Amino acid sequence: MRIVIADDAVLLREGLVRLLSERGHEVVAAVADGEALVVAVVAHRPDVSIVDVRMPPSHTDEGLRAAVEARRLVPRTPILVLSQYVEVSYADDLLATTGGGGGGIGYLLKDRVAAIDEFLDALDRVAAGGTVLDPEVVGQLFARRRRDDPLRELTPREREVLALMAEGRSNTAIAKTLVVTDGAVEKHVRNIFTKLQLPPDTEQHRRVLAVLAYLRN
């Protein structure tokens with residue numbers, strides 16, 4: 001894959017360059033701020049970009065805003081955002097760019113990079129158009145459920161399936177995790193779509209809409 005990296009931490013940035021290069025990927029740009037990220041994405045049209053949320057000058061949400069701008073200029077360009085902490089609002093803003101069914105979005109904690117195989121798997125899924133949320137984000141979403149939660153009609157098993165969908169898992173991967181058949185997972189997914197009143201469309205589009213409903217409530 002052709003990859004752009006944006007992170008102002010030199011050690012992490014150079015470490016990612018080395019790791020990805022050793023795995024056969026081509027890092028076409030490695031930059032340290034949001035403005036340079038946008039320029040790199042427009043110039044190189046990478047298969048995926050890895051972006052730190054907090055970058056100069058204020059170290060708040062420059063990376064996130066740059067990622068959103070990059071997806072505006074290059075629609076559906078895959079972005080994997082890395083953050084030091086769980087910021088549900090950041091994940092929400094990023095997923096809002098998936099309107100129209102364009103996935104290719106990921107939000108992971110930086111600690112996940114240490115689990116190299118899992119990190120690379122998430123990167124592959126985002127590059128392929130999937131939506132990947134860190135399990136810590138998913139956990140906090142459950143913790144903030146409101147009494148008027150529109151997902152309240154889901155069964156406990158359907159909530160498990162939706163949580164794994166939010167992590168970017170395919171139906172087959174969900175079946176392996178829950179130790180059930182692919183057919184059982186497909187039935188749960190259909191029930192989720194029905195209960196969330198998601199209109200018939202492509203499978204990928206409805207999966208993204210389901211994750212958005214899960215994230216925003």
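Side-chain atoms are counted along with the backbone in the values below, which use heavy atoms only and exclude waters and symmetry mates. Predicted model only: the values in this text are computed from it and were never measured.
At a threshold of 4.5 Å between side-chain heavy atoms, the hydrophobic network of Ile, Leu, Val, Met, Phe, Trp and Tyr places I105 and L109 in one connected group. Both L19 and V17 sit in one connected hydrophobic cluster of ILVMFWY residues. Membership requires side-chain heavy atoms under 4.5 Å apart, directly or through other members. No single ILVMFWY cluster, assembled from side-chain heavy atoms under 4.5 Å apart, contains both I79 and V39. Transitive grouping of hydrophobic side chains (ILVMFWY, heavy atoms separated by less than 4.5 Å) brings L12 and L80 into a common cluster.
Applying the side chain to side chain donor-acceptor pair (under 3.5 Å) rule to pairs touching residues 33-46 yields nothing, sequence neighbours excluded.
Between the CD1 atom of I116 and the CG atom of L123 there is a distance of 13.0 Å, given to the nearest 0.5 Å. Here the NE2-CE distance, from H59 to M55, works out to 10.0 Å after rounding to the nearest 0.5 Å. Taking CZ of R2 as the reference point, atom OG of S49 lies at 10.0 Å (rounded to 0.5 Å). Separating the NZ atom in K187 from the OG1 atom in T181 is a distance of 10.0 Å, to the nearest 0.5 Å.
A pairwise comparison of heavy atoms in G63 and L37 identifies O-CD2, 4.4 Å as the closest pair. A29 and A40 get closest at one heavy-atom pair: CB-CB, 3.8 Å. Nearest heavy-atom pair, V31 versus A36, reported as atom, atom and distance to 0.1 Å: CB-CB, 3.6 Å. Contact detail for P46 and P78: the closest heavy-atom pair is O-CD, 4.4 Å.
With contacts defined as side-chain heavy-atom distances shorter than 4.5 Å, the pair E62/P57 qualifies. Residues I50 and I3 form a side-chain contact, since some pair of their non-hydrogen atoms from C-beta on lies under 4.5 Å apart. Residues L178 and R157 meet the side-chain proximity criterion, which asks for heavy atoms closer than 4.5 Å. Side-chain atoms of V68 and R72, non-hydrogen and from C-beta on, never get closer than 4.5 Å to each other. With contacts defined as side-chain heavy-atom distances shorter than 4.5 Å, the pair V185/N171 qualifies.
The residues E118 and R112 are annotated as not salt-bridged, no charged nitrogen and carboxylate oxygen being separated by less than 4.0 angstrom. A salt bridge is defined here as a Lys NZ or Arg NE, NH1 or NH2 lying under 4.0 Å from an Asp or Glu carboxylate O, and R18 with E14 fails to meet this definition. Using a 4.0 Å cut-off between charged side-chain N and carboxylate O, D52 and K110 make a salt bridge.
Results of the side chain to side chain contact (heavy atoms under 4.5 Å, CB included) test with L82 over V113, D134, V51, V53 single out V113 as the only residue that passes.
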- Evaluate the criterion side-chain contact (heavy atoms from CB on, under 4.5 Å) for residue pair R54 and L64; output intermediate values, then yes/no. CA-CA 8 Å; R54 299 182 179 185; L64 175 75; over 6 Å; no

- Query: Passes side-chain contact (heavy atoms from CB on, under 4.5 Å), T131 versus Y107? Steps please.
  - Reply: CA-CA 9 Å; T131 302; Y107 181 101; over 6 Å; no

- Message: As a quick check of understanding, evaluate side-chain contact (heavy atoms from CB on, under 4.5 Å) for I192 and L154, giving each step before the final call.
- Response: CA-CA 7 Å; I192 291 169; L154 300 185; 4.3 Å; yes

- Message: Could you walk me through whether E158 and K195 satisfy the side-chain contact (heavy atoms from CB on, under 4.5 Å) test, starting with their C-alpha distance in whole Å, then the side-chain angles of each, then the deciding distance to 0.1 Å, before giving a yes or no?
- Response: CA-CA 10 Å; E158 289 164 355; K195 291 179 180 180; 2.9 Å; yes

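Scanning for side-chain hydrogen bond (donor to acceptor under 3.5 Å, both in side chains) contacts around D124 gives an empty result, with sequence neighbours left out.
Checked by atom type and distance alone, the side chain of H25 never pairs as donor or acceptor with a backbone atom of L20 at under 3.5 Å. R13 contributes a side-chain N or O that, together with a main-chain N or O of D7, makes up a donor-acceptor pair within less than 3.5 Å.
Using modelled atom types and a 3.5 Å distance limit, the side chains of T60 and S58 yield a donor-acceptor pair.
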